[in-house]
Trainee: 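Quick one: structure below, then a few questions.
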Protein chains: 2
Amino acid sequence: MGATTLTTKDNIRQTAEKLFRERGYAAIGMRELAREVGIEAPSIYNHYKSKDDLLREICFDIAEQFFAAFDKAVAGEDKPMKKLRAAIRAHIGVISANIYSSEVFFNEWVFLEEPNLSKFKKMRYEYEMKFRDIIDRGVKKGDFKKLNTKLAAFTIFSALNATYDLYKSSERMNTDEIAEEISNLLLKGLKA
Amino acid sequence: MGATTLTTKDNIRQTAEKLFRERGYAAIGMRELAREVGIEAPSIYNHYKSKDDLLREICFDIAEQFFAAFDKAVAGEDKPMKKLRAAIRAHIGVISANIYSSEVFFNEWVFLEEPNLSKFKKMRYEYEMKFRDIIDRGVKKGDFKKLNTKLAAFTIFSALNATYDLYKSSERMNTDEIAEEISNLLLKGLKA
DNA sequence: CTTTAAAACAAACAAGTGTTAGCTGCGCTG
DNA sequence: CAGCGCAGCTAACACTTGTTTGTTTTAAAG
């Protein structure tokens with residue numbers, strides 16, 4: 001399979017992910033993006049309707065991956081603690097498989113235009129709720145101690161959503177290793 | 001003390017903090033900033049050398065506050081665990097005392113121009129190292145379990161640096177309450 | 001008052017923004 | 001081979017960007 005030959009559209013997409021990540025969506029103009037791809041700016045519009053359309057595709061593709069990975073990971077597990085561990089591993093897994101675009105997902109979504117912006121916020125909220133539900137159930141079942149579940153979910157999420165930073169340093173850790181250590185660190189505080 | 005009457009410079013500064021936070025540094029033009037202040041764009045240059053100069057002042061002022069609060073908080077404490085708790089409380093305290101500008105500090109520093117950008121990165125690294133040092137010492141003393149201190153510091157830091165989000169929701173929690181709960185959650189995983 | 005300096009202004013500059021119109025050449029299908 | 005359409009191009013539009021110039025207003029000091 002010749003994965004070496006990229007279509008122009010994929011080329012634009014990948015170059016955009018790299019540049020948006022490195023210098024931010026707002027700082028990258030269509031002309032610079034085109035130059036990096038090796039074409040002229042107007043040619044981009046043969047593949048994407050607008051700059052916003054490009055950002056939208058990047059952000060929503062990753063969003064889908066987060067949902068899919070979560071559902072698949074949680075499906076097999078029964079106990080809240082195991083569910084949460086599996087969800088954390090899945091979440092970090094998606095990030096590590098998409099180092100560039102996941103960083104765009106986390107940091108550049110603010111530049112989405114309506115109605116994509118509202119749609120994105122809604123999706124993200126729903127995803128966060130899936131995590132919070134696990135914690136809520138864990139508390140109700142008595143597996144987790146009684147605590148502010150909103151704050152707990154927030155804390156865990158904040159830590160997870162910064163992990164893309166870990167893949168920048170030279171000493172690249174294994175993904176499962178990261179997931180294991182972070183889970184140990186975060187989940188001890190939950191146990192009843 | 002008539003704190004109600006603001007100098008134009010302070011007015012620009014505060015308006016900038018609010019707008020940069022709400023819509024991002026890149027999205028706010030000098031004309032819009034000026035309009036919100038109630039002056040014309042060129043008048044801003046009587047108080048700030050450039051747009052970058054304005055961002056620089058906001059970011060570095062908060063940076064100083066983080067350092068000062070850390071040093072003051074840690075000074076009294078002896079045991080690593082108490083040191084860490086105090087540092088966390090201090091860090092969250094600075095954020096809660098500067099809800100607008102701290103969010104700019106965390107999210108908009110990327111738009112700083114050289115040499116401010118490099119200076120900023122260096123400062124932030126030094127600050128993070130102060131946290132990591134506490135953990136390192138705690139491990140050496142045997143108070144903390146043996147773990148990847150870099151990853152542990154990273155996790156704690158990620159959680160702390162997102163707390164500005166907590167002050168956005170309607171049900172505003174008390175700062176000490178937040179610090180207490182987050183500490184409980186994060187530090188259980190460290191104990192030997 | 002008069003002088004002086006700070007701070008406001010309108011006008012303009014040079015560069016850059018995303019995007020569109022219209023044209024050209026290439027390769028596939030009939 | 002003719003015709004179709006995809007995908008590239010140049011040129012340009014309509015703004016917007018941060019900032020500078022030169023001038024006028026404002027307010028405090030002598």
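Naming: A, B, ... by sequence-line order, numbering from 1 per chain.
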Trainee: Please name the residue in the list A:Arg31, A:Met30, A:Lys49 that meets the side chain to side chain contact (heavy atoms under 4.5 Å, CB included) test with A:Ile44.
Mentor: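 The passing option is A:Met30.
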Trainee: Specify the separation, in whole Å, of atom CE of B:Met30 and atom P of D:dT19.
Mentor: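 Going from B:Met30 (CE) to D:dT19 (P), I get 6 Å.
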Trainee: Which ranges of DNA chain C pair up as stems, where a stem means three or more consecutive Watson-Crick or G-U pairs with both distances under 3.5 Å?
Mentor: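 Paired runs of 3+ in DNA chain C: C:1-28 with D:3-30.
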Trainee: Strictly below 4.0 Å, N to O, side chains only: are B:Glu126 and B:Lys130 in salt-bridge contact?
Mentor: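 Judged by the 4.0 Å cut-off on N to carboxylate O distance, B:Glu126 and B:Lys130 do not form a salt bridge.
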Trainee: Would you mind telling me which of A:Leu19, A:Leu6, A:Val37 makes a side chain to side chain contact (heavy atoms under 4.5 Å, CB included) with A:Gln14?
Mentor: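 Result: among A:Leu19, A:Leu6, A:Val37, A:Leu6 is the only option passing the side chain to side chain contact (heavy atoms under 4.5 Å, CB included) with A:Gln14.
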Trainee: Can you list the steps and then say if A:Phe105 with A:Phe66 is a ring-ring contact (aromatic ring centres under 6.0 Å, His included)?
Mentor: CA-CA 11 Å; A:Phe105 173 90; A:Phe66 276 125; 5.3 Å; yes
Trainee: Mind calculating the distance between CG (B:Leu33) and P (D:dT17) to the nearest angstrom?
Mentor: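 That distance rounds to 12 Å.
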Trainee: Please check if the number of heavy atoms outside A:Arg132 that lie under 6.0 Å from its CZ is greater than 12.
Mentor: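 Check passes, neighbour count above 12.
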Trainee: Show every side chain to side chain donor-acceptor pair (under 3.5 Å) that has at least one partner inside residues 109-121 of chain A, sequence neighbours left out.
Mentor: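 Side chain to side chain donor-acceptor pair (under 3.5 Å) check on residues 109-121 of chain A returns A:Asp52-A:Asn116, A:Glu114-A:Ser118.
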Trainee: Tell me, which of residues 48-59 of chain B have any heavy atom that sits under 4.0 Å from an atom in DNA chain C?
Mentor: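 Heavy-atom contacts with DNA chain C come from no residue of residues 48-59 of chain B; none.
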Trainee: Reading DNA chain C 5' to 3', which nucleotide is the first, and which the last, to come under 4.0 Å of any heavy atom in chain B?
Mentor: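 The footprint of chain B covers C:dA7 to C:dA12.
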Trainee: Counting only heavy atoms not in A:Asn174, do more than 12 sit closer than 6.0 Å to its CG atom?
Mentor: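 Result for CG/A:Asn174: enclosed.
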Trainee: Return the residues of residues 13-25 of chain A meeting this criterion: a heavy atom under 4.0 Å from some atom of DNA chain C. Order them by number, or give none.
Mentor: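 None - not one residue of the stretch has a heavy atom sitting under 4.0 Å from the strand.
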Trainee: Across nucleotides 8-16 of chain D, 5' to 3', mark each nucleotide with B, S or - according to how protein heavy atoms within less than 4.0 Å reach it.
Mentor: BBBBB----
Trainee: Once you round it to whole Å, what is the distance between P of D:dA7 and CG of A:Asp10?
Mentor: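 Atom CG in A:Asp10 sits about 12 Å away from atom P in D:dA7.
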Trainee: Would you indicate whether A:Tyr100, at its atom OH, is surrounded by more than 12 heavy atoms from other residues, nucleotides or ligands within a distance under 6.0 Å?
Mentor: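 Result for OH/A:Tyr100: open.
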Trainee: How about A:Lys79 and A:Lys83: do any of their side-chain heavy atoms sit closer than 4.5 Å?
Mentor: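 A:Lys79 vs A:Lys83: side chains apart.
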Trainee: Is it true that, when you exclude A:Arg137 itself, more than 12 heavy atoms of the residues, nucleotides or ligands shown sit nearer than 6.0 Å to its CZ?
Mentor: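 At most 12 heavy atoms, drawn from other residues, nucleotides or ligands, come within 6.0 Å of this atom.
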Trainee: Would you sort out whether A:Arg85 and A:Glu77 count as a salt bridge (Lys or Arg N to Asp or Glu O under 4.0 Å), showing the intermediate values?
Mentor: CA-CA 10 Å; A:Arg85 280 192 108 95; A:Glu77 308 297 340; over 6 Å; no
Trainee: Run the salt-bridge test on B:Lys141 and B:Asp136 with the 4.0 Å N-O cut-off and return the result as yes or no.
Mentor: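 No.
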Trainee: Under a 4.5 Å cut-off applied to non-hydrogen side-chain atoms, are A:Phe111 and A:Leu117 in contact?
Mentor: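 Result no, sub-4.5 Å side-chain heavy-atom pair not found.
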Trainee: Just wondering, more than 12 heavy atoms not from A:Lys72 lying within 6.0 Å of its NZ?
Mentor: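 12 or below, so no.
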